[in-house]
Amino acid sequence: MADASNPDASHKLPKHQVVFDYLYTRIQSGEYKAGDRLPSEAELGSIFDASRITVAKAVLELQRMNLVTRRPGAGTHVQARQQADGHTFGLLIPELGLTEIFEPICHGMMRSPSARPDALLWGNASGAGNSGSRREVAEEAEQMAQHFLAQKVSGIFFAPLELIPDKDAANRRIMRMIDRARLPTVLLDRCYLPYPERSAHDLVGIDNRRTGYVATEHLIRLGVTRLAFLAEIDSASTVDARITGFYEALRKHGIRPETEPVWRCSPQDESFVKKMLEVSRPEGIVCANDVTAARLMQSLIALDRRIPEDVRIVGIDDVKYASLLPVPLTTMHQNCQAIGVVAMMSMLERLEHPELPTRDILLPTRLVVRRSCGVHLNTPAS
């Protein structure tokens, strides 16, 4: 949040956002009480070295949230608290803190203009990251759901469980509990039912089928014809959609693999990776996500395989460390913050219009090219 004593502290944010954060924080903390007059636009412009238009944009956002009122000649005043109170939502995300995509999604929710003054209750499965305790994740997720119901939240954002053997049964138990309470639910990233089943809840994520297609076609356009797809066992249904896109790209370009090209196992299992290399002899591997790609890269290096000279790799997600791997990873970037913003908008729309049909809101991804795909190998030397 911005601070008047240090208006440059958040210089990386748009100026109107800095002004907004400054005012919003002080309204929420009670420093500016109901009925108080806010500093004038001229005063705020002087504090933050901002134009009147920039300041007005920040104040207008507060007004849209019913936090302030503006009266010609009288200035801008803080609304009464009862007029400004919002909803409280539960974040049921067992993988929060374990994968990089969900934290920026949550931050996108919090920064969404439509979210303020709504509150988010965070929760995660604390035992999920400990060796040998993945079977406890489902129980902890159910406990989180019960906690949110006891807190009488207005709705729940749910990222269904994956990578555990009983994920489908556990996800169904959790959703039955939430449905009995008649709570609006927005699914994040994936549906809790296995494909082709579809739940009656809104879902916000990426277009996984197209993402798998674009990642695969990128390698094909680089001249790669022997391809494999690698995913872990018990992955979410999003991975199935990415595999569908993988097969579609092969069909479009007339590529008929001699052996089954889709492999499911741990990329850290060097004996498995060695078998995949011997059977499929892939020139390029599309990985279900960046975590899989990073672990595969370690195994390939241990097996004395050069990346990308011997095997080219493409991932999906564009996590922070993708560019820092031993060979910087080509990947499909998903805008996680935008997913969070859209998820919050979808929840608020669902609360206001419960009769709306179930929606899949799929955001596009974009290809980020780095060295692991071998694009430099296809560039003629100057």
Exercise. With a 4.5 Å heavy-atom cut-off, do P364 and Q334 have their side chains touching?
Worked result: no

Exercise. Charged N to carboxylate O below 4.0 Å: is that the case for K320 and E103?
Worked result: no

For this session: Using a 4.5 Å cut-off on heavy atoms from C-beta on, say whether the side chain of V375 contacts that of T330.
Result: no

Exercise. Would you call E355 and R350 a salt bridge, using N to O less than 4.0 angstrom?
Worked result: no

Exercise. When you look at L362 and L203, which way does the side chain to side chain contact (heavy atoms under 4.5 Å, CB included) test go after all the steps?
Worked result: CA-CA 8 Å; L362 304 180; L203 184 152; 4.1 Å; yes

Exercise. Is the closest basic N to carboxylate O distance between D202 and R359 below 4.0 Å?
Worked result: yes

Exercise. Is there a side chain to side chain contact (heavy atoms under 4.5 Å, CB included) between M109 and L120 once you walk through the steps?
Worked result: CA-CA 9 Å; M109 292 179 192; L120 299 173; 3.8 Å; yes

Exercise. Side chains of D290 and T331: do they bring a donor and an acceptor to under 3.5 Å?
Worked result: yes

Exercise. Given E232 and L163, is the side chain to side chain contact (heavy atoms under 4.5 Å, CB included) satisfied, shown in steps?
Worked result: CA-CA 8 Å; E232 297 213 33; L163 300 179; 4.0 Å; yes

For this session: Would you mind checking if E217 and R221 are paired as a salt bridge, meaning a charged N to carboxylate O distance below 4.0 Å?
Result: yes

Exercise. Is a side-chain N or O of S372 found less than 3.5 angstrom from the main chain of V327, in a donor-acceptor match?
Worked result: no

Problem set entry | Short side-chain to backbone donor-acceptor contact, D36 and Y32, under 3.5 Å | no

For this session: Indicate whether any N or O donor in one side chain lies under 3.5 Å from an N or O acceptor in the other, for D317 and H333.
Result: no

Exercise. With a 4.5 Å limit on heavy-atom distance, are the side chains of L227 and P261 in contact?
Worked result: no

Exercise. Are side-chain N/O atoms of H107 and Q337 paired as donor and acceptor at under 3.5 Å?
Worked result: no

Problem set entry | Side-chain touch V224/R312, heavy atoms, less than 4.5 angstrom | yes

Exercise. Hey, does the side chain of T185 reach the backbone of L183 with a donor-acceptor pair shorter than 3.5 angstrom?
Worked result: yes

For this session: Check the side chains of T211 and N208 for a donor-acceptor pair under 3.5 angstrom, ignoring hydrogens and angles.
Result: no

Exercise. Would one find more than 12 heavy atoms of other residues, nucleotides or ligands at under 6.0 Å from atom CD of E260?
Worked result: yes

Problem set entry | Greater than 12 external heavy atoms within 6.0 Å of M345's CE | no

Problem set entry | Over 12 non-hydrogen atoms of neighbours within 6.0 angstrom of CG in L324 | yes

Exercise. Do Y22 and F48 make the cut of ring centroids closer than 6.0 angstrom?
Worked result: yes

Exercise. Is the backbone of G108 close enough, under 3.5 Å, to the side chain of S112 for a donor and an acceptor to pair up by distance?
Worked result: no

Exercise. When you measure from the side chain of D179 to the backbone N and O of R182, does any donor-acceptor pair fall under 3.5 Å?
Worked result: no

For this session: Examine F89 together with F157 and report whether their ring centres are nearer than 6.0 Å.
Result: yes

Exercise. Taking the side chain as C-beta and beyond, is there a heavy-atom pair between I307 and M297 under 4.5 Å?
Worked result: yes

Exercise. Do S346 and I361 have side-chain heavy atoms sitting under 4.5 Å apart?
Worked result: yes

Exercise. Under the 3.5 angstrom rule, does the side chain of D166 hit a backbone N or O of A169 as a donor-acceptor pair?
Worked result: no

Problem set entry | Main-chain N/O of G205 paired with D189 side-chain donor or acceptor, under 3.5 Å | no

Exercise. Do D318 and R370 sit within salt-bridge range, that is, some charged N less than 4.0 Å from a carboxylate O?
Worked result: yes

For this session: Could you tell me whether the side chain of L363 reaches within less than 4.5 Å of the side chain of V204, counting heavy atoms only?
Result: yes

Exercise. Hey, mind stepping through L300 and I313 against side chain to side chain contact (heavy atoms under 4.5 Å, CB included) and telling me if it holds?
Worked result: CA-CA 11 Å; L300 290 174; I313 301 176; 3.6 Å; yes

Exercise. Relative to each other, are the rings of Y192 and H201 parallel, tilted or perpendicular (30° and 60° limits)?
Worked result: tilted

For this session: May I ask you to decide if G30's main-chain N or O and K33's side chain share a donor-acceptor pair within less than 3.5 Å?
Result: yes

Exercise. Would you find a donor on one side and an acceptor on the other, under 3.5 Å apart, between the side chain of K15 and the backbone of D49?
Worked result: yes

Problem set entry | SB check E43 R52 (cutoff 4.0 Å) | no

For this session: Kindly say whether L67 contributes a backbone atom to a donor-acceptor pair with the side chain of Q79 at under 3.5 angstrom?
Result: no

Exercise. Are side-chain heavy atoms of L367 and M332 found at a separation under 4.5 Å?
Worked result: yes

Exercise. Which residue, R209, R190, R264, forms the salt bridge (charged side-chain N to carboxylate O under 4.0 Å, His left out) with D240?
Worked result: R264

